[in-house]
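Excluded from the calculations below are hydrogen atoms, water molecules and symmetry mates; all remaining heavy atoms, backbone and side chain alike, are included.
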Amino acid sequence: MVSASNHLVIMAGGIGSRFWPMSTSERPKQFIDVLGVGKTLLQLTYERFEGICLPENVWVVTNARYAGIVHEQLPQVPVGNILSEPCRRNTAPCIAYVSWKIKTINPKANVVVTPSDHVVTNGSEFRRIITSCLDFSSETDAIVTLGMKPTRPETGYGYIQADLSASSARNREIYRVDSFREKPDAQTAEKYIRNKSYFWNAGIFIWRVSTIVNAFRVYMPSLSKIFENLVPYYGLPEEQELINQKYPECESISVDYAIMEKAAEIFVCPSDFGWSDLGTWGSLLAQTPKDLYGNSKIGSNISLFDTHNCIIHTTEERKVVVQGLDGYIIAEKDGTLLICRLSEEQKIAQFSE
């Protein structure tokens with residue numbers, strides 16, 4: 001039985017264009033079929049929460065330029081639940097805005113906040129973990145975040161250090177957070193991997209709406225005042241105009257800096273459900289099935305000869321033949337072809353605008 005108090009917030013305002021030529025600033029990666037499965041990352045994120053949250057309790061916060069794309073891809077979500085940011089201000093203002101909106105509808109709401117562009121390969125374990133954390137947050141004033149069990153000394157993720165000496169009395173899978181750590185250098189990442197108390201920070205949060213609103217009041221009073229003052233206008237025609245006026249006044253700050261690193265009742269649930277934030281072509285290669293030679297093929301008719309450790313994403317081409325490459329990206333979209341060494345992919349960012 002789905003609880004009517006459960007709400008889902010999907011943050012979909014990023015301009016991630018690392019998967020050029022598939023993704024651009026006009027259509028970032030959350031709105032494209034990165035995996036070649038016929039569904040975008042946004043649609044997969046929505047489907048991941050089926051059975052946890054009712055469609056009318058799903059909220060998507062995105063940049064104003066992408067609101068139409070969100071509605072097109074998620075017609076199940078009420079139009080009024082697609083919130084448009086007039087400008088980019090990081091995750092704290094985004095979460096504050098939607099939290100006050102939800103609070104005006106249901107002050108007892110229990111909320112999950114998730115990015116829109118991640119991949120999860122074990123959906124049943126994901127839903128089990130989320131449900132368990134929602135049960136925990138509904139009974140406490142805790143802020144819960146998910147910590148991914150690391151599989152490699154990754155320097156591209158932030159880390160969470162957990163106090164594993166004792167779990168919560170209410171839930172034996174949940175522990176207090178000792179500290180949050182910034183993206184480490186390679187040597188520090190190796191140290192984290194050897195210490196079993198460190199986890200990747202996935203940016204997925206669970207809390208009661210009253211808990212996060214109170215946290216904003218305590219730790220970000222200037223930000224909370226902006227959205228508190230708009231309470232009489234939520235749901236009215238004037239709302240968007242006032243948001244357009246006030247949102248640029250918000251400090252651009254992540255919820256990690258604004259709340260997570262300051263609040264007292266912070267907990268982490270160590271998790272392992274095949275997670276990736278798909279930040280690079282290399283991470284996509286790592287997350288997709290590969291042949292005996294380490295190649296990942298995303299497309300209907302791809303033939304490889306003497307080719308190793310490549311990712312080929314050519315869903316629009318009738319026939320693709322690759323010979324003699326090792327460690328390359330081959331990607332095509334709308335008549336644009338990319339052939340690039342995986343080790344050099346950061347150099348293609350200049351073409352993504």
Side-chain angles (χ1 to χ4, degrees), residues 11 48 90-92 95 110-115 118-208 211-212 215 218-219 253-280 282-283 286-287:
M11 298 182 292
R48 200 173 299 143
N90 216 315
T91 55
I95 291 171
N110 209 14
V111 183
V112 184
V113 178
T114 181
H118 294 181
V119 165
V120 167
T121 58
N122 189 340
S124 60
E125 175 64 4
F126 174 83
R127 284 183 285 274
R128 186 192 71 79
I129 289 286
I130 293 293
T131 301
S132 175
C133 291
L134 281 166
D135 289 342
F136 179 76
S137 64
S138 70
E139 300 172 345
T140 67
D141 291 327
I143 290 174
V144 184
T145 185
L146 301 190
M148 302 298 108
K149 292 183 179 178
T151 57
R152 60 187 183 276
E154 177 62 56
T155 59
Y157 299 153
Y159 285 71
I160 302 167
Q161 184 180 15
D163 177 3
L164 299 181
S165 61
S167 62
S168 165
R170 290 179 179 271
N171 187 318
R172 293 185 177 181
E173 292 185 288
I174 293 176
Y175 301 83
R176 285 192 176 272
V177 170
D178 263 350
S179 62
F180 290 89
R181 303 297 178 95
E182 295 302 308
K183 296 176 182 178
D185 56 29
Q187 184 178 1
T188 304
E190 290 280 0
K191 184 178 73 173
Y192 289 170
I193 288 293
R194 292 192 295 269
N195 186 328
K196 301 301 183 182
S197 66
Y198 284 87
F199 302 89
W200 289 335
N201 186 351
I204 301 172
F205 310 108
I206 301 99
W207 46 48
R208 286 191 300 165
T211 298
I212 192 61
V218 172
Y219 301 109
I253 184 171
S254 72
V255 73
D256 297 85
Y257 283 127
I259 304 296
M260 305 301 288
E261 296 185 5
K262 299 174 182 177
E265 294 295 303
I266 305 292
F267 293 81
V268 60
C269 182
S271 308
D272 187 7
F273 41 68
W275 172 88
S276 173
D277 78 341
L278 288 190
T280 63
S283 64
Q287 283 296 122

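Taking OG1 of Thr155 as the reference point, atom CD of Glu190 lies at 10.5 Å (rounded to 0.5 Å). For the atom pair Ile174 CD1 and Leu146 CG, the distance stands at 9.0 Å (nearest 0.5 Å). Rounded to the nearest 0.5 Å, atoms CD (Gln161) and CZ (Phe199) are 10.0 Å apart. Between the CD atom in Glu154 and the CG atom in Asp277 there is a gap of 8.0 Å [rounded to 0.5 Å]. Rounded to the nearest 0.5 angstrom, Trp275 CH2 and Trp200 CH2 are separated by 7.0 Å. Note that the OG1 atom of Thr114 and the CE atom of Met11 stand 7.0 Å from one another [nearest 0.5 Å].
Contact of the Ile253 side chain with the Asn90 side chain is not registered, since no non-hydrogen atoms from C-beta on lie closer than 4.5 Å.
Side chain of Thr211 to main chain of Trp207: no donor-acceptor pair is present (N/O by atom type, distance under 3.5 Å, no hydrogens or angles). Distance alone, capped at 3.5 Å, places no donor-acceptor pair between the Ser197 side chain and the Asn195 backbone. Put simply, the side chain of Ser167 never gets that close to the backbone of Tyr175: no donor and acceptor are under 3.5 Å apart. In this structure, Tyr159 contributes its side chain and Ala189 its backbone to no donor-acceptor pair below 3.5 Å.
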Give the table of side-chain donor-acceptor pairs shorter than 3.5 Å for residues 125-133, with sequence neighbours excluded, one pair per line with atom names and distance.
unit_1, atom_1, unit_2, atom_2, d
Glu125, OE1, Arg128, NE, 3.0
Glu125, OE2, Arg128, NH2, 3.0
Arg127, NH1, Arg48, O, 3.3
Arg128, NH1, Glu173, OE1, 3.1
Arg128, NH1, Glu173, OE2, 3.4
Arg128, NH2, Glu173, OE2, 2.8
Thr131, OG1, Arg127, O, 2.8
Ser132, OG, Asn171, ND2, 2.7

Anything under 3.5 Å between a donor and an acceptor, one on a side chain of residues 256-264, the other on a protein residue two or more places apart or in another chain? List them.
unit_1, atom_1, unit_2, atom_2, d
Asp256, OD2, Asn201, ND2, 3.1
Tyr257, OH, Glu182, OE1, 3.1
Tyr257, OH, Glu182, OE2, 3.2

| request: May I have the step-by-step check of side-chain contact (heavy atoms from CB on, under 4.5 Å) for Arg208 and Asp141, ending in yes or no? | output: CA-CA 7 Å; Arg208 286 191 300 165; Asp141 291 327; 2.3 Å; yes
| request: Show your reasoning for whether side-chain contact (heavy atoms from CB on, under 4.5 Å) applies to Ile212 and Val111. | output: CA-CA 9 Å; Ile212 192 61; Val111 183; over 6 Å; no
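Nearest heavy-atom pair, Asn110 versus Ser137, reported as atom, atom and distance to 0.1 Å: OD1-OG, 2.8 Å.
Counting heavy atoms of neighbouring residues, nucleotides and ligands inside a 6.0 Å radius, atom CZ of Arg152 exceeds 12 of them.
Classification of the Tyr198-Tyr192 ring pair by plane angle, with boundaries at 30° and 60°, yields parallel.
Partners of Asn122 under the side-chain hydrogen bond (donor to acceptor under 3.5 Å, both in side chains) rule, at least two apart in sequence or in another chain, are Ser124.
No hydrogens or angles considered: nothing links the side chains of Ser138 and Asp135 as a donor-acceptor pair under 3.5 Å.
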